[in-house]
Amino acid sequence: MTLGPVRVNPMIGDGCGVVKQVPISNGVIAPTESGSGIDRLPVDDALLSVGSQRQGLSSAEAAERLRVHGTNRVERLARTPWWLRLGREFVRFFSLILWVAAALAFVADWYDPANGMSRIGVAVVAVVLISGVFTFWQEYRAERTLDALQKLLPQQVRAMRDGTVVALPTNQLVPGDIILLEQGDNVPADARVIETTGIQVSNAAVTGESLPQSRSADPSSDTDIVTARNILLAGTAVLSGRVKAVVFATGPRTEFGKIARLTLLGDAPVSPLRTQLADLSRLIAGLAVTIGLSFLAIGVMAGMPFWQGFMFCIGIIVAMVPEGLLPTLTLALVLAAQRMAKRNVLIRHLTSVETLGSASVICTDKTGTLTENRMRVQEVMLANAIVPLAAMSPDLARDHADFFQVAGLCHELRQDEQTGRLRGDPMEIALVEMAERAIGTPPHATRLAEHPFDSDRMRQSVSFAMPDGVFLCCKGAPEVVLPLCREIVAGGRIMPLSTEARDAIVHTQKAMAARGLRVLAFASKRRSSTEADASTEQDLVFQGLAGLEDPPRPEVPDAVARCHAAGIKIIMITGDHPDTAVAIAREIGLIRSSTPVVLTGEQMRPLSVRDLALALDHPEVVVARTAPDQKRRIVEALRNQGHIVAVTGDGVNDAPALKAAHIGIAMGLAGTDVAKAAADMVLLDDNFASIVSAVEEGRAVFQNIRKFLTYVLVHNVAELVPFLAFALFPIPLPLTPIQALAVDMGTDSLTALGLGVERPGPDAMRIPPRSPRRRLMDVPLALRSYLFLGVMEAIAAMAAFFFVLVTGGWQYGESLPTDSAVYQSATTACLTAIIVAQIVNVFICRSAIRSVFTMNLFDNPVILAGVALEIGLVMLINYTPWGNMLLNTQPVPAALWLFLLPFVIAMLLAEEGRKWLARWLLQTRPSDRRTSAAFRD
């Protein structure tokens, strides 16, 4: 029989005595709030509510509904074009400063082509372009969330059309379609079960619930359609059994589509590092412009022509801007990302490298991250004695062979024809593996009858034909199986099941459940094939209990302990049962007290923002049975409290929280493409311990940025002072702009990068996370760079300049042509002094408090290569025609090298004295937070 267009009665019951109206448009169901009340209706009313019947829709009706409802795909939102994302890399605040510096250089060259400022402009433009393209290339795998959603859904499904079963593209499904699914299929749309045989589904990808869920066709009393026992959710998987269901929501109206919309509409927070760099850029720009304009004003008042003063102002601004900082920072983050990759952490966004290091809270999923995501039998109860499976003896297994036969035979698993592996419910796979280890492969038996598992029966029974008759196997919830039993196996014999034995079994079952185990009871009976009750679930023999769990990863307890030592709070957020979550949390050391805060999603709903914040303030928090929007709400509450939040996740349900966090961490093995697309980094091994290793690397990144920032700002002072001296005194310009740029982007480039890739210090994971208020360039760093090390290096540079001038016969106040050998040799001496001082400075900057003489000078090959490069370049600049032509230099006298020695030694000793004072302050005032922040490595 085929169906024509179905007009629905506009007034139907909702299964709860309430009459509701169903909109009709042109003979078809109008789009409504997905599934409103359909789970509470009997099957026939549920079919009627979507204008369908058990034979399905006609092709004409389906075509009309497709026109009204649209295709079964998540709606696409506009994405930022790749060219616009690339363009944004060139207009970051620091990049804008470099663009301005380049423009000023071109203006100066236009006014006076002889000064060679155009080369500086070209070089600075190259820096911006290369750094921008490099960063964009590293982050090119931008958001692919919607594509990932479509990949997760099956491409075809068996459906009823015109009364027959057809293979239908999933995007053609409409509300009212009847679909047929079986083990191994993914659910293509939200659907209401109308017929089922032993169906179990995994909702982990959508709800986070790791345990298999049974489904039935009976009306549900659940208040939430997501947890209703008769609802199949799009994106979930059928683990076992067969089911016929009617589709009631497609595309964006599915729960799957709603989560996708949450993910795409959520605003990702700005990376703390980007905020810090923006602040640093404003500070440097403000200093450069202020100093430049101040000296322009001084020059004009002193009688200097305006254009000459303006060119001088440009020179100061260009000298003050650390042109090499942007590429050094980019390369340092890339190399840190590569080191993290060796620790099984794949970085998608470069600034996430440092963000993870500043994390103060990690919200982690349980299944697959803290645990192995593989159900295993941990212990069994045989003859009222608990036996760890690892301690099972062959004799005990032989005495209880029927227990293991029930475990090995009573299941709905299928063997994959290609791989030979079992497919189906992970719990049943674990039971079969247990049976095979204990007694070997169960004997082949013909299946006679089956009573499938469902949510009402809470048990499964299968009868097999054996040589000695019929063997009935039964497994299920202990409270259901135990009342069916009259006897028990004890000491290898079958004995009557007394009241005392029943009470002992119940007590043992509760104790096992309190340890977070999922407990199943096993029973059986043997009858001849002629007996009437051979296949009935009556007068069973109780065989025992099995406790299963998804065990914690062995590395996780140590990783959790390291987080506690580092002052990082861990909050478990899971879709599992609270008891299971708490048991795992205690086992891994996440909960150590007797009074943790255990919240469920249901308990969270009525909490105000303030009450939720108070609950999350507790040092030990576990959140269970959460919905996707609640995970995001937790993240936002923590962010509002000032925390830097990292969130792990693997399912579609985790994606909104991953995007809302400062750093989202997706699972690489078990994670869905949706979660990976929303995350900032991906764990390649799904191991929580890898996060802790990455935190350690991330903490080093912030300190390393401060190290090379100090290093770069020191030579900026040494480059600025010659310009100021030229403005204030009647002397030649000691350092030309192109020579200053040679230091910024040439000689110091590799040594600065070496500081950026320093390994984490021994105390990296023994101190609290840095305060979000702590700046990259704070007052102690500025004082050390600008007024301490920078001044000493500038003195050495100016002394070298005057040393060559005076020995060449120059008199104070005398002007020299820029092409004279004496002048070029003197500027070369100034440049050489800066390079030599920076060779010493790179070792000084490796630590703010540790002495150079206590550190291994050879454990950073990048720094050693950078020093070798600096020596090679200074020789090239001094003693080769090519270097002389490029930078307008001349060879310096041999005496200059000895002349510079006292200056660099004094610089080293002065810094050693400052470090000694810093260490003394830390020892005498360890609780002084300001002192600790100022001097801590």
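Residues: numbered from 1 along the sequence shown. Quick note: numbers below take in every heavy atom, side chains included, and nothing from hydrogens, waters or symmetry partners.
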**OP:** Verify side-chain hydrogen bond (donor to acceptor under 3.5 Å, both in side chains) between Gln838 and Thr747, making sure each step is shown before the conclusion.
**Re:** CA-CA 9 Å; Gln838 285 294 88; Thr747 59; over 6 Å; no
What distance do [X] atom [atom1] and [Y] atom [atom2] have between them, rounded to the nearest 0.5 Å?
{"X": "Leu590", "Y": "Thr364", "atom1": "CG", "atom2": "OG1", "answer": "8.5 Å"}
{"X": "Asn716", "Y": "Glu793", "atom1": "CG", "atom2": "CD", "answer": "10.0 Å"}
{"X": "Ser851", "Y": "Glu912", "atom1": "OG", "atom2": "CD", "answer": "3.5 Å"}
{"X": "Leu287", "Y": "Leu283", "atom1": "CG", "atom2": "CG", "answer": "5.0 Å"}
{"X": "Leu896", "Y": "Phe801", "atom1": "CG", "atom2": "CZ", "answer": "12.5 Å"}
{"X": "Phe843", "Y": "Ile863", "atom1": "CZ", "atom2": "CD1", "answer": "6.5 Å"}

With the side chain counted from C-beta on, respond yes when [X] and [Y] share a heavy-atom pair under 4.5 Å apart, and no when they do not.
{"X": "Asp744", "Y": "His715", "value": "yes"}
{"X": "Leu917", "Y": "Trp920", "value": "yes"}
{"X": "Leu713", "Y": "Tyr786", "value": "yes"}
{"X": "Leu683", "Y": "Asn344", "value": "no"}

Subject >> Short side-chain to backbone donor-acceptor contact, Ser360 and Ile644, under 3.5 Å >> reply: yes
**OP:** Say whether, by atom type as modelled, one donor and one acceptor occur between the side chain of Arg770 and the main chain of Arg775 under 3.5 angstrom.
**Re:** no
Subject >> Donor-acceptor pair between Asn841 and Glu911 side chains, under 3.5 angstrom >> reply: no
Subject >> Any donor-acceptor N or O pair under 3.5 Å, side chains Ser690, Asp685 >> reply: yes
**OP:** Salt-bridge test for Glu636 and Arg639: reply yes if a basic N is under 4.0 Å from a carboxylate O, no otherwise.
**Re:** no
Original post:
Per the side chain to side chain contact (heavy atoms under 4.5 Å, CB included) rule, which among Pro760, Pro769, Ser358 passes with Arg699?
Top reply: Pro769
At their closest point, which heavy atom of [X] faces which heavy atom of [Y], and how far apart are they?
{"X": "Thr827", "Y": "Gln739", "answer": "OG1-NE2, 3.3 Å"}
{"X": "Thr648", "Y": "Leu658", "answer": "C-CD2, 4.0 Å"}
{"X": "Ala752", "Y": "Val712", "answer": "CB-CG2, 4.5 Å"}
{"X": "Cys845", "Y": "Lys707", "answer": "O-CG, 3.3 Å"}
{"X": "Met798", "Y": "Pro734", "answer": "CE-CG, 3.7 Å"}
{"X": "Ser294", "Y": "Thr290", "answer": "OG-O, 2.6 Å"}

Original post:
Taking the six-membered ring for Trp, are Phe903 and Phe899 parallel (under 30°), tilted (30 to 60°) or perpendicular (over 60°)?
Top reply: tilted
Subject >> Option among Asp859, Asn704, Asn860 that satisfies the side chain to side chain donor-acceptor pair (under 3.5 Å) test with Arg846 >> reply: Asp859
**OP:** Determine, stepwise, if the pair Thr355 / Asp680 fulfils side-chain hydrogen bond (donor to acceptor under 3.5 Å, both in side chains).
**Re:** CA-CA 10 Å; Thr355 307; Asp680 301 289; over 6 Å; no
